[in-house]
Number of protein chains: 2
Amino acid sequence: MDSPDAAKRSGSDRITPRKYDSAGSRAALMSAAARCFGKYGYDGTSIRDIAKAADVDAALVYRYFGSKQGLFEAVAHHASALFEPLRHLPLEDVPDWILRLAFDGPGEDEIPHPVLTMLRSPSREEAVARLRSDVTEIFSEHFARRLDGPDAQVRAELLAAWALGMTLMRLAVQTPALSSVPDSAVLPYVRKAVDPLLRPCDEREETNRACRCGRGGE
Amino acid sequence: MDSPDAAKRSGSDRITPRKYDSAGSRAALMSAAARCFGKYGYDGTSIRDIAKAADVDAALVYRYFGSKQGLFEAVAHHASALFEPLRHLPLEDVPDWILRLAFDGPGEDEIPHPVLTMLRSPSREEAVARLRSDVTEIFSEHFARRLDGPDAQVRAELLAAWALGMTLMRLAVQTPALSSVPDSAVLPYVRKAVDPLLRPCDEREETNRACRCGRGGE
DNA sequence: GTCTATACTGTGATAGAC
DNA sequence: GTCTATCACAGTATAGAC
């Protein structure tokens, strides 16, 4: 944790106080902060941790972001950006999109999934509240209106639950199959499991429903 | 949070250093710790927070549990206890059980869901690792062996993902419908969505389908 | 713009009085 | 068994030198 070369000096020497590159320092801080907050949560990461990971002085956090909270706000992206496409997505594309929602996110070293960051930062109540309102607005309200039949809101939230569960199994629990397998191996099952949620009831056209296994495009 | 009667004195006075009730103090600490760790995570909870919530002196934590980590270990129950019934559960009962897994857990003020506690305590790496190994052992390994057809491990983990997603939508994201509706309103949809994961392929009763996947035995 | 030094608070942990 | 006092340190944050 405190290895001698932790600072990762630029090879030779470094008497000058780094380059004078405010934009670079700012970006480095934000990148490191996103990683740390996502991995260890808000309370589990200190300003010094972030600064060290960014190879930048800790005081710069306060210069550029005012406080630890300010930095968190700056890097805790709204989850709404992830969910936005659902607004105008044809219903038949929803299963595939749900799958990508869970599988497209970066792996481990890159910028972490915003939902994971918020779940791991329960003390940032505003961030959790924002996640709740984002999910509610897009799934429970907007998308539910596009669903025919009863219990539309429940079904819409079950859809979100499905995506959330797969995401966390991959990124947080890191279960062997889901975190290693390509999304193509999961797609058919997601399609079949999500499908009943999108239809009004069970079998409205039992003959036509037949087998979607063979077809389904691609 | 700091109301004058927060201490909840036993009615009249309290000059004596509480009752001499080691078992009671111990239990109060464990109960408060479970709540706090579940709500705010390991790093978001201090020993003094727990002691105050339990109306017990903070030093007793070290007397009874040795350290903060010790207390966490004592209250961070193995998730395996929750999953254990899956081992000998008839396949047709699995959908209902999955639902109860997500809906039976206590609401908000009682002892929180162990999975939520672990997700919110990323710095207790052993706890997270134990959750992973529990899920892996019971779902990916044991239960997957009971599933016919290909991709049994993926399907078993998708089942776990489904339960995890519903649980977190209710307890962490607190989405309006799922966190208020009774489980009976969700049951039919969970049944239909989970069902395809339990069967080898697509159709269950329609035998004359032109499904290219293997045949649905049974 | 960058870094050092430091103030101040909160935290985990311990010793010892009662 | 319970509680007070306290230590050593990590944490956020600020002031100011360079």
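To find a chain, count down the sequence lines: A is the first, B the second, and so on, and within it residues start at 1. Any value given below was found using the heavy atoms of this structure, including those in side chains, with hydrogens, waters and symmetry copies removed.
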Do you know the tightest heavy-atom contact between L116(B) and A172(B)? CD1-CB, 3.8 Å

[X] side chain N/O closer than 4.0 Å to the phosphate oxygens (OP1, OP2) of [N]?
| X | N | result |
| --- | --- | --- |
| Y64(B) | dT2(D) | yes |
| S22(A) | dT2(C) | no |
| S67(B) | dG12(C) | no |

Give the nucleotide from the list [options] with an atom nearest to the side chain of [X].
| X | options | answer |
| --- | --- | --- |
| L60(B) | dC3(C), dT2(D), dT14(C) | dT2(D) |
| S46(A) | dT12(D), dT2(C), dC3(D) | dT12(D) |
| R63(A) | dC3(C), dG1(C), dG11(D) | dG1(C) |
| Y62(A) | dT12(D), dA13(C), dT2(C) | dT12(D) |

Given atom [atom1] of [X] and atom [atom2] of [N], what is their separation to the nearest angstrom?
| X | N | atom1 | atom2 | answer |
| --- | --- | --- | --- | --- |
| D21(B) | dG1(D) | CG | C1' | 10 Å |
| L71(B) | dA13(C) | CG | P | 11 Å |
| D57(B) | dA15(C) | CG | C1' | 13 Å |
| Y20(B) | dG1(D) | OH | C1' | 6 Å |
| R124(B) | dG12(C) | CZ | C1' | 13 Å |
| I50(B) | dG12(C) | CD1 | C1' | 11 Å |
| Q69(A) | dA13(D) | CD | C1' | 12 Å |
| K52(A) | dA10(D) | NZ | P | 11 Å |

When all nucleic acid strands are considered with a 4.0 Å heavy-atom cut-off, which category describes F65(A): base, sugar-phosphate, or nothing? nothing

Under the side chain to side chain donor-acceptor pair (under 3.5 Å) definition, can you give me all pairs with a residue in residues 58-69 of chain A, not counting sequence neighbours? Q69(A)-R124(A)

Quick check: any donor-acceptor pair below 3.5 Å linking the side-chain of R48(A) to the base of dT12(D)? yes

Of K68(B) and A59(A), whose closest DNA chain C nucleotide lies nearer the 5' terminus? A59(A)

Using 30° and 60° as the class boundaries, would you call the ring planes of Y42(B) and F37(B) parallel, tilted or perpendicular? parallel

Would you tabulate the side-chain donor-acceptor contacts of residues 129-136 of chain B under 3.5 Å, counting partners in other chains and residues two or more places apart, or write 'none'?
from, atom 1, to, atom 2, distance (Å)
R130(B), NH2, A76(B), O, 3.0
R132(B), NH1, V173(A), O, 2.8
R132(B), NH1, Q174(A), OE1, 3.3
S133(B), OG, R130(B), O, 3.0
D134(B), OD2, S80(B), N, 3.3
T136(B), OG1, R132(B), O, 2.7

How about M166(B) and V190(B): do any of their side-chain heavy atoms sit closer than 4.5 Å? yes

